[in-house]
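Quick notes on the structure that follows.
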2 protein chains.
Amino acid sequence: MANVAKYDRDEVIHKAMMLFWEKGFNATSTRDLQDAVNLRPGSFYAAFGSKEALFSEALKLYASESHDYLLNMSAENDSAMGVIRAFMQGIILGRKKVAPSEMCMLVKTIAELTDEHSVLLEQSRELLKNTERQLAQLLEKAQQEGEFSKHKSCSHTASYLMVQIMGLRTYMRNSQSPKLIESLLDEMFSNLQH
Amino acid sequence: MANVAKYDRDEVIHKAMMLFWEKGFNATSTRDLQDAVNLRPGSFYAAFGSKEALFSEALKLYASESHDYLLNMSAENDSAMGVIRAFMQGIILGRKKVAPSEMCMLVKTIAELTDEHSVLLEQSRELLKNTERQLAQLLEKAQQEGEFSKHKSCSHTASYLMVQIMGLRTYMRNSQSPKLIESLLDEMFSNLQH
DNA sequence: CCAATTATTGACCAATTGATCAATAATAAT
DNA sequence: ATTATTATTGATCAATTGGTCAATAATTGG
């Protein structure tokens, strides 16, 4: 190797992710990005190739951080149902200081992009389905722990949970009233039990 | 009056709305709009002043058409609960041929725009709250008709319905599976009854 | 028919966009 | 130290952006 990059690639992707998450794909210019990560166009394009490619990296990182967050909740909670609850409560209400938007970056992306960016669109869909699968697995664990009825379908209930997360976060962005959201979340969980 | 415009203003706004609804605010260029409505820049800016102003008109029209759709459902259904159900079923599943996106234009807008366009953002929020108020009124009617428990709060349940609509439409865009959505919608309504 | 008013047209503008590239600088291996 | 390789820099590009404007055309009232 002849010369080594001065910047930390992961850090750059993280900063890009935060910008994309806040402003969306279209409203984030490559200049914005270059300023945020302190790279000149040459290094920038040598490292990532295109705006789309960097966005793709940002999506991957977002999903992986979301996954990590769920793992943290698993460490702090001993019941699977408790993990789901803590996870949902966390992403919907609790992370104002780390999140640049009330809404999920993946949801913002499928809301914003069209078939013109079908690769990024499909990637977002796939990552959302991953989360849904993780929730389904947690529900299976909850069934074994006796906290969730064995007569219910885990995959179906996971879809239900995804609908609730998407709905609640969007509603949160619209109403900005955590109190209301919290009570809706409570009701949702009591609906789940029977 | 000296000369009269050749175009139909309402028709122009409608076409602009369809484009904005499909592609979002940022991805729709003023050129796209001018082509779609067949107006040269001069006429275009004489008529609307700015891209933001036309988008604002489009939002108003969207909300008013949504309102009209709810009125149609009211004409076709004699129970208030039936109206709510038909309305939700319609916007979530049934209007593939008229809607350029699975998602609500107002939701797409609050998802896409930031404080940089605070006027449009606030307008979208306000229009969504109007729909919520209409739903609350229908629930009150449903209470009088004995189809919805008088022990429940109508405004609270209206929030709940908004969460469901937002969630289901977003999920629809992600999964593209009407069957699943329909069953989730059914469950939601049975949850409502008790 | 004329004049006053208004609508339409298309050339044009400055700014921003995503992206390229030759020149330069830095490093590691020999 | 020299060389080969790689990273960085900043000027630059063509295309697109939202928007302006003077010239022209069309219409209506007098």
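Each chain gets a letter, A, B and so on, in the order the sequences are listed, and its residues count up from 1.
Going from atom OH of B:Y45 over to atom P of C:dC13 covers 17 Å, rounded to whole Å. Distance, B:R9 CZ to C:dA7 C1': 14 Å, rounded to whole Å. Regarding B:N26, its CG atom lies at a distance of 13 Å from the C1' atom of C:dT17, rounded to whole Å. What separates CG of B:L39 from C1' of C:dT9 is a distance of 11 Å, to the nearest Å. Look at CZ on B:F44: it is 12 Å from P on D:dT20, rounded to the nearest Å. We find that CZ of B:F55 is positioned 13 Å from P of D:dG18, with the value rounded to whole Å. A straight line from NZ of A:K23 to C1' of C:dT16 spans 12 Å, rounded to a whole angstrom. Look at CG on B:L33: it is 14 Å from C1' on D:dT16, rounded to the nearest Å.
Side-chain nitrogen and oxygen atoms of A:S29 include none within less than 4.0 Å of the OP1 or OP2 phosphate oxygen of C:dT16.
In this structure, B:K6 and B:K51 both approach DNA chain D, and ranking their closest nucleotides by distance from the 5' end singles out B:K51. Where A:G42 and A:D32 each meet DNA chain C at their nearest nucleotide, the meeting point lying more 5' is that of A:D32.
Closest to the B:R31 side chain, of the nucleotides C:dC13, D:dG10, C:dG18, is C:dC13. Out of C:dA7, C:dT9, C:dA19, the shortest distance to the side chain of B:A5 is found at C:dA7. The side chain of B:S43 lies closest to C:dT9, out of C:dA7, C:dT9, D:dT9. Out of C:dA19, C:dG10, C:dT8, the shortest distance to the side chain of A:T30 is found at C:dA19.
Here the side chains of B:Q193 and B:E147 are not in contact, with every heavy-atom distance at 4.5 Å or above. Taking the side chain as every heavy atom from C-beta outward, A:L180 and A:S183 approach each other to under 4.5 Å.
Between A:F20 and A:F25, the ring planes lie parallel to each other; the angle is under 30°, not in the 30° to 60° tilted range.
Within the nucleic acid shown, B:F48 has no heavy atom closer than 4.0 Å to any nucleic acid atom.
Remark: the A:S159 side chain and the A:E132 side chain contain an N/O donor-acceptor pair separated by less than 3.5 Å. Side-chain contact check for A:S56 and A:Q123: at least one donor-acceptor pair (N or O, by modelled atom type) lies under 3.5 Å.
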